[in-house]
2 protein chains.
Amino acid sequence: MELDERKQKILDAIIRTYMETGEPVGSRTISKYSDLNLSSATIRNEMSDLEEMGYIIQPHTSAGRIPSDKGYRLYVDHILESKDQEIQEFKDLMLERTDKLEQMLQQVVKVLAANTNYATMVSTPAVKGNKLKFIQLSKVNSTQILAVIMMEGNLVRNKVIDVTEELDQETVLKLNILLNSVLNGRSIEEINLAMIQNLKEQAGIHSELIASVIDAVAEVIHAEDEVKIYTSGATNIFRYPELSDNGKASEIISTFEEKQELTDLVNQTLENSDNQGIQVYIGQESPIQAMKDCSVVTATYELGEGLQGTIGIIGPKRMDYENVLKTLKTLTEQLDEIYNKRKK
Amino acid sequence: MELDERKQKILDAIIRTYMETGEPVGSRTISKYSDLNLSSATIRNEMSDLEEMGYIIQPHTSAGRIPSDKGYRLYVDHILESKDQEIQEFKDLMLERTDKLEQMLQQVVKVLAANTNYATMVSTPAVKGNKLKFIQLSKVNSTQILAVIMMEGNLVRNKVIDVTEELDQETVLKLNILLNSVLNGRSIEEINLAMIQNLKEQAGIHSELIASVIDAVAEVIHAEDEVKIYTSGATNIFRYPELSDNGKASEIISTFEEKQELTDLVNQTLENSDNQGIQVYIGQESPIQAMKDCSVVTATYELGEGLQGTIGIIGPKRMDYENVLKTLKTLTEQLDEIYNKRKK
DNA sequence: TGTTAGCACTCAGAGGGGCCGAGTGCTAAT
DNA sequence: ATTAGCACTCGGCCCCTCTGAGTGCTAACA
């Protein structure tokens, strides 16, 4: 059987209606609502076909039809194809923009949740192929050294290193210079064993400390450690009866609270960025098991210099894809812009 | 009317039974369950008195009685009076203890939620009268300086400062020495205007930068900014039917997610620490409106040197106070111990 | 041949009635 | 002061019915 234009239109009408109401939609509704001017009987026939083809589902006899994952997928793919969408302004949000990236992201995720009425999340940017700007060792006390590591994009990480040998100020200074002269401007991938060996030799008796510092650098740069995730509006899922069943709701909210699985989502999203970085997971497609009854829309934003983060919106399968996609697109663009301004 | 011993015992029995079952408890139950050897009729008379005195409530005619906030309060106060409670071990938790305080706290809050089946939260320590260990300025590029500020307790904060004037390495070094010589070992309260003035004078043309740095120090030290709150087990509230009513659950979980109000709770807790730092808010007593149907138990832990944080457990009013109080006491002691070991 | 009207059928959900049992308050007896 | 007994209350549960939305099928129609 073929999905001709009329069937498409009917499917579209079904999905739209269902997105609004959340109730199974019947033939009569479509017959009246849409501008197809077909009787309910005809619609029924078509619906029967659509069901056979797997685009819609009847939750039980004598109920209307609801879209299946496959139906949603078709719908979303259509939207994704349609090219330029108008741009909505986030001025009010951006007015309050702060210098602190993390605070801003928290702001973003809140506004997003409030605007969309879905659950939202955002990850801080992961470091990817990022380069060292400089390392600064400072003596804390006789047995501890503070290593401050700054990367491109002004990301700063600290680590306190315990040392066995006592160091004087001068030695610390020398080690500083040594480390910086060799490591600055390198990405983690570029720092190889030969380089480390070389460093150790030059450091002489302090080679052990060098090893510690390198370890710290490696640890610190390793992205996963430091990707933070902010969420908001998890309780929005109570708005959608099909999700607020106690077991489901609890699972989804737990996932939001514990965040571990969200990290997986972020990583997966970053791996397959395409289509302007926006991805839509419908139902079972979702990488997170707890969200198999939801749709998850993710977008990748980039603050330049290999700093990529993810924004995600989680809602019912009948979410307002059109609006969500548009909003996410706008938002990621705005984030780009912020970065560029800050750079200037 | 007086609360004689028998009434006390009956009240106690009512509360304990209700804590177990979550159902209103009737006179017959108490008559059989307790070792008072009184008929249900007698119990009924006493219950009638207890109700009049405000310790118990009848949710509706022909239902049993449940404890009122006042009843719980009496019960909790009794427990708090009873002195030495046995100590329960958290060895498995502590085995995994890491150097990273925040990671450990996250661990703590998770274990706590899993063990108690209540919702839990923990705040990172707030800085209070804490002293500067040192300040380190580093040149990032021609217009930016990185200030690393280390406090007692090895708390490190970073801030990138934009500067208008170009600085060479040597100047940065000089400013470093200047700042450290004046500010080291001072707490934020000790840094006064005269000191700042003095610094500025010595800095000459760079006085503006000094001002920026001082601002940064102030900002960074200001506790509220940096108190982070971790939560876990928010969905545990679904275990308790009296809380899992949709509206209430949603409110509580939102509070947990947004965290702003939890900060208020933390602050309030830190302000009135007494009774080994453990406080119990029952129902309306809670500083957080959303939790007016819950009980909130908070404990203050101290990592020495003015670093205080808060642990909180949020559950139904019929929570197992005895166990919760014991657990919290143990936990805070363990945290103390960790600090002492780390110090050594 | 595609579309429509009509009709019998299905089924979830709302509403109502009746029953049950837990629990109370009161009274009279011990 | 305590207890036994009794009438009464009331929420929760089960069962039934009714309703209305929706379907599939068939026959008529253009």
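Numbers restart at 1 for each chain; the letters A, B, ... are given by sequence-line order, proteins then strands.
A side-chain donor-acceptor contact under 3.5 Å links B:Glu258 and A:Ser232. B:Thr42 and B:Ser39 share a donor-acceptor pair across their side chains, judged by distance under 3.5 Å alone. B:Thr235 and A:Ser254 share a side-chain donor-acceptor pair at under 3.5 Å.
For B:Arg6, the side-chain atoms get nearest to D:dT2 when compared with the rest of D:dT2, C:dT4, C:dC11. Side chain of B:Ser39, nearest nucleotide from D:dA4, D:dC10, C:dG25: D:dA4.
B:Met47 places its CE atom 17 Å from the C1' atom of C:dC26, with the value rounded to the nearest Å. Summarising the geometry, the separation between CZ on A:Arg65 and C1' on D:dT23 is reported as 7 Å, rounded to the nearest angstrom. Protein atom CD of B:Glu52 is 15 Å distant from nucleotide atom C1' of C:dT24, rounded to whole Å. Residue A:Arg28 contributes atom CZ, which lies 17 Å from atom P of D:dG24 at whole-angstrom precision. Rounded to whole angstrom, the span from the CD atom of A:Glu23 across to the C1' atom of D:dT23 amounts to 17 Å. Here the P atom of nucleotide C:dG23 and the CD1 atom of B:Ile43 are 13 Å apart, to the nearest Å. The CD1-C1' distance, from A:Ile30 to D:dT23, rounds to 15 Å in whole Å. Whole-Å rounding puts the A:Asn45 CG to C:dT1 P distance at 15 Å.
On a pure distance criterion of 3.5 Å, a polar donor-acceptor pair joins the side chain of A:Arg44 and the base of D:dG24. Contact annotation: side chain of B:Thr61 to base of D:dT9, donor-acceptor pair absent below 3.5 Å. With hydrogens and angles left out, the side chain of A:Ser62 and the base of C:dT10 share a donor-acceptor pair within 3.5 Å.
Using a 4.0 Å heavy-atom distance criterion, A:Ala41 is classed as a base contact.
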Pairs of donor and acceptor atoms involving the side chains of residues 22-31 of chain A, under 3.5 Å and at least two apart or interchain, shall be tabulated with distances.
unit_1  : atom_1 : unit_2  : atom_2 : d
A:Ser27 : OG     : A:Arg44 : NH1    : 3.3
A:Ser31 : OG     : A:Leu38 : O      : 2.8

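Within the structure, every side-chain polar atom (N or O) of A:Thr42 is placed at least 4.0 Å from both OP1 and OP2 of C:dG2. Dashed line: the shortest gap from a side-chain N or O of B:Ser40 to OP1 or OP2 of D:dT3 is not under 4.0 Å.
Among A:Ile314, A:Leu262, A:Val109, A:Thr120, the single residue meeting the side chain to side chain contact (heavy atoms under 4.5 Å, CB included) criterion with A:Thr231 is A:Leu262.
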